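Written out below as structure tokens is the structure these notes cover.
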2 protein chains.
Amino acid sequence: MARSSEELDFLRTYDPGSFERPSVAVDVVLLTVRDGAMWTLLYQRTEHPDRGRYALPGGFVGIEESLEDAVARQLKAKAAVEGVFVEQLYTFGAPDRDPRMRIIAAAHYALVPAAVFDGATGLQGRVRVPWEGEVGGPVEVLDGDGDPYPLAFDHADMLGLAVQRIRGKLSYVPIAFELLPASFTLLEARRVYEAIWGRDLNKDSFRKTLLGSGLIEATGERQSGVGHRPAALYRRWEA
Amino acid sequence: MARSSEELDFLRTYDPGSFERPSVAVDVVLLTVRDGAMWTLLYQRTEHPDRGRYALPGGFVGIEESLEDAVARQLKAKAAVEGVFVEQLYTFGAPDRDPRMRIIAAAHYALVPAAVFDGATGLQGRVRVPWEGEVGGPVEVLDGDGDPYPLAFDHADMLGLAVQRIRGKLSYVPIAFELLPASFTLLEARRVYEAIWGRDLNKDSFRKTLLGSGLIEATGERQSGVGHRPAALYRRWEA
DNA sequence: TGTCTTATATGCAAGATGGATATATCTAGT
DNA sequence: ACTAGATATATCCATCTTGCATATAAGACA
């Protein structure tokens, strides 16, 4: 957009003023599906506030850094994960959400295949969703013994909203492929849907619907060494 | 959440540091449906930058103010509208989206019935959506002569994203009622859907679907003085 | 009283969905 | 070599939803 020289003069001499500004952070719900459940990545806080509690990967946004870049930087630094699917979730702005100071957090979610998740650094926790459908609400993250990790700040809300959003989007946006390897069977695809929605799906209807959707195409390959009839492998159909 | 005395000590002596922080603003896409189209409210900018161009209502978020409160304050101050349906849309954080300084904008949308919209202060513009379905992209706002208002900053993107979001949500979240008066006919309801989706709907299917959805109930009243058989009036069904 | 306009009711075809049944094909084990 | 076990794949059918057509109803107005 062309600006007039008068406007450029204004901008050259603009004084932003000294009113108090909030800090802005990003937090990332990194999700995968494995063993019939959703999993996420947490980090135990070593500093106050909420020391000892478990937090999502996140941190402050640089003054010249986009939100997306901040998310990518955090994912790389904390989780050692790069180049994954990320979408903005919601911006949490309650004045008292951090006891230190005003911090506005732009929460995001990232979806990765289980293999990428396994290679990430951090504490893996199984996500337990205590509500059905798209009701929403906080969710718990369970450790290996089935005990919930105490979560820091409003991160239980962020997780819950991420699950709610993904449950809703799954019906009409092909985000399930972000959670699957490059080639997959119909059973694997169905398991992803079942894990996210928390309920079983009709096998044949799922097959018919997905095959008829035009979203996937057969690779021509099949499984091998699976102890039963091998399933055909499919890949995401790229327009 | 109970905090240890040690943690409280930490917070008492916490130094937030002096790193540079962005400004945070809210912008609001105020939408209604009238005369078979979506309308929104704009304000011509009287100051640089983008002086003379047209902007959505919005402004900075107070340091102790929630995002929702900031939106309500802006709507009341700029549009003289209170107590309406508001949801968060998306947070726009590109470093160069405002030439003055780093401003991160949490965009929201508000849905109001036409009668509320008519009572609002500001420039009313008809929204023209140059894409079908949920493709997305910027939209135009037309003045009375059908000429587009030149929009400030990234506000065309905000408008476009609002339309895209509402088109998508309309299918499975009963947000249409926010755009209708307390009691309405099936024709009025259908016009809202048609205006948002930008396409005609089958009259009988719409009737059957909406009546069968359980979302509305008959008031027992009918129209009068409409020059044809009066339609039954319905209201939103409150669980 | 007739005409115009929209509302409302009913029926039907096409398609989507859920579910049952039958058959196919692989591995592991005897 | 054969069998058991497991899952894949194909076909069929009942049900539900949706789009569309047809028929009738009810008010305003000339």
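We name chains A, B, ... by the order of the sequence lines, and we start the count at 1 in each one. Computed from heavy atoms alone, side chains included, the values below leave out hydrogens, waters and symmetry copies. This is a predicted model, so every value here is computed, not measured.
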Nucleotide [N], atom [atom2] - distance to [atom1] of [X] in whole Å:
{"X": "B/R207", "N": "D/dA21", "atom1": "CZ", "atom2": "P", "result": "18 Å"}
{"X": "B/L210", "N": "C/dA9", "atom1": "CG", "atom2": "P", "result": "14 Å"}
{"X": "A/D204", "N": "C/dA20", "atom1": "CG", "atom2": "C1'", "result": "9 Å"}
{"X": "B/L187", "N": "C/dA7", "atom1": "CG", "atom2": "P", "result": "5 Å"}
{"X": "A/N202", "N": "C/dG18", "atom1": "CG", "atom2": "P", "result": "6 Å"}
{"X": "A/Y193", "N": "C/dG18", "atom1": "OH", "atom2": "P", "result": "14 Å"}
{"X": "A/Q223", "N": "C/dA24", "atom1": "CD", "atom2": "P", "result": "20 Å"}
{"X": "B/E188", "N": "C/dT6", "atom1": "CD", "atom2": "P", "result": "14 Å"}

Item to check | B/Q44 side chain to B/Y54 backbone, donor-acceptor under 3.5 Å | outcome: no
Checklist entry - Is a donor-acceptor contact shorter than 3.5 angstrom present between the side chain of A/R229 and the base of C/dA24? => result yes
Item to check | Side-chain-base donor-acceptor pair under 3.5 Å for A/K203 and C/dG18 | outcome: no
Item to check | Ion pair B/K203/B/E194, N-O distance below 4.0 Å | outcome: no
Checklist entry - Can you find a side-chain donor-acceptor pair between B/S183 and B/T219 that sits under 3.5 Å? => result no
Item to check | Heavy-atom closest pair, residues A/Q88 and A/L67 | outcome: NE2-CD1, 3.8 Å
Item to check | Nearest listed nucleotide, side chain of B/A232, among C/dT5, D/dC20, C/dT8 | outcome: C/dT8
